[in-house]
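In what follows, a single structure is set out as structure tokens and then discussed.
This structure is a prediction, so every number in the text was calculated from the model and none was measured. Proteins come first, then strands; the chains are lettered A, B, ... in the order of their sequence lines, and each starts at number 1.
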2 protein chains.
Amino acid sequence: MNNLDIPDIIISRLPIYLRALRHMQAQHTQTTSSQELGARVGISAAQIRKDLSQFGEFGKQGTGYNIGFLIDKLREILKVVQVWDVAVIGMGDMGHALARYQGFKDRGFRVAMVFDNNPSKVGTKVESFVIRSTQDLVTSIKQSGIKVAMLCVPAAEAQDVTDLLVEAGVKAILNYAPISLSVPSGVRVQYLDPSIGLQRMTYYME
Amino acid sequence: MNNLDIPDIIISRLPIYLRALRHMQAQHTQTTSSQELGARVGISAAQIRKDLSQFGEFGKQGTGYNIGFLIDKLREILKVVQVWDVAVIGMGDMGHALARYQGFKDRGFRVAMVFDNNPSKVGTKVESFVIRSTQDLVTSIKQSGIKVAMLCVPAAEAQDVTDLLVEAGVKAILNYAPISLSVPSGVRVQYLDPSIGLQRMTYYME
DNA sequence: TAGATTGTTAATCGATTAACAATC
DNA sequence: TAGATTGTTAATCGATTAACAATC
């Protein structure tokens, strides 16, 4: 495929473009330009054109990009035409919130399974999901073929659970635990620690 | 100050270093090296030394870095010696989870105030916080001097609430809503949209 | 046609890495 | 002393921007 040599920094911008295009589409806009899209997401028009040109010629001189068409292309590139089943590990407040989150709709993901290691939670329900024991994690995830997980366990357990996820064949982990994870190559991690986000901003404050 | 010309990409790595150092400290380790720290966070030793050297000489040849000392320096640099009061806007599942989150402890933040625009929620309690009306947001935040907010409202309301936060003097917004926000210069936003995180990984999957 | 905007090239700018003298 | 590791320099590598011919 055209996969392996496109810089990760470009890939990381595509979901932002996709989200903004969806937003425009919801407002019944038909076309946009690199200029307009760039203004919306805070990225230069030149960069947007350069990024998109890695994957094909999606625009027309003079008129710009057809929004519906570009959305389809970005969904194909990011492989979110399909819907990915996701496992949520850790049914604390954060895991609970993710299990109930409505924002995955139409963005390529669906929570399919939830886990916790607390015996008093296992077997109870969150939304429509029966909480499974972390002891069954490897078997259940292997069996279901799930490749994507969201990790919401305490920091102290996060690496151990990660090792289980890797063993189960998970290839993408969205990590809410406040700790750096080590994973083998071929497995990806994205970090969403709120304190890290906040500390990236306080530096700039007087 | 030594502030204004250090690249943001360096600043964005410092909280990662700080988190890892705290972790080492919790295990009663006294010193570390750029090598060891780098292995832990997945960053080259050279880059860590280069990053830190922007702010001073914190290490010793032959022995590396004293962990406690380096933690103190990073906390000063990132301005998290002090504790920042934070407002949480939107008491849905996510806002609820953040209001109860224990992970801000010792990382420089404390939830101080929570808001929702739903009249049936206003006045009720989440943890020890009485939910305030979004109508009082500007007044309350101005009065309290809060400079940091976490935004957990639906996408459709996020820009309007952001404008209120800016009006109230907030300078740092951690945005959980799935939308790009526009803010004046001098105000910073960090994005934590879970779908974006997931879509940044699916590209690499077969 | 005239105006607008793409895709792409070359130039610029910035970030990372390798290497090593200094020194604990 | 011998070994280890820093802080820094110069070289390399990569990303962004400006500019414009092509063309809708």
Report task. Report the distance from atom CG of A:Asp5 to atom P of D:dG14, rounded to the nearest whole Å. Result -> 12 Å
Requested in this report: Take the protein atom NZ of A:Lys50 and the nucleotide atom P of D:dA19, then report the distance between them rounded to whole Å.
Outcome: 16 Å
Query raised in the report: Which of the following nucleotides, C:dA22, C:dT9, D:dC24, is nearest to the side chain of B:Gln61?
Result: C:dA22
Query raised in the report: What's the CG-C1' distance between A:Leu52 and C:dG7, to the nearest Å?
Result: 10 Å
Query - Interatomic distance where CD belongs to A:Gln47 and P belongs to C:dA11 [whole Å] - result: 20 Å
Query raised in the report: Hey, does the side chain of A:Trp84 reach the backbone of A:Lys79 with a donor-acceptor pair shorter than 3.5 angstrom?
Result: yes
Requested in this report: Look at the side chain of B:Arg22 and the backbone N and O of B:Asp106, then say whether any donor-acceptor pair between them is shorter than 3.5 Å.
Outcome: yes
Requested in this report: Compute whether any side-chain donor of one residue and acceptor of the other, for A:Gln47 and A:Asp51, lie under 3.5 angstrom apart.
Outcome: no
Requested in this report: Kindly say if A:Ser34 contacts the phosphate of C:dT6, meaning a side-chain N or O under 4.0 Å from OP1 or OP2.
Outcome: yes
Query raised in the report: Given atom CD of A:Gln35 and atom C1' of D:dA19, what is their separation to the nearest angstrom?
Result: 15 Å
Report summary line: Here the residues of residues 19-26 of chain B within 4.0 Å heavy-atom distance, strictly under, of DNA chain C are none
**Report entry** Residues, nucleotides or ligands: over 12 heavy atoms within 6.0 Å of B:Gln135 CD
**Finding:** no
Requested in this report: Give the nucleotide from the list D:dG7, D:dA10, D:dT16 with an atom nearest to the side chain of B:Glu57.
Outcome: D:dG7
Requested in this report: Would you indicate which nucleotide in D:dT16, D:dT6, C:dA15 comes nearest to any side-chain atom of B:Ile9?
Outcome: C:dA15
Query raised in the report: Is the shortest side-chain N/O distance from B:Arg49 to OP1 or OP2 of D:dT9 below 4.0 Å?
Result: no
Query raised in the report: So, is A:Tyr65 close to the C:dG7 phosphate, meaning a side-chain N or O under 4.0 Å from OP1 or OP2?
Result: yes
Query - Heavy-atom side-chain proximity of B:Phe115 to B:Ser133 below 4.5 angstrom - result: no
Report summary line: The nucleotide from D:dT6, C:dT6, C:dT16 with an atom nearest the side chain of B:Ser33 is D:dT6
Query raised in the report: Are side-chain heavy atoms of B:Val166 and B:Pro184 found at a separation under 4.5 Å?
Result: yes
Report task. Look at the side-chain N and O atoms of A:Ser44 and state whether any lies under 4.0 Å from the OP1 or OP2 oxygen of D:dT16. Result -> no
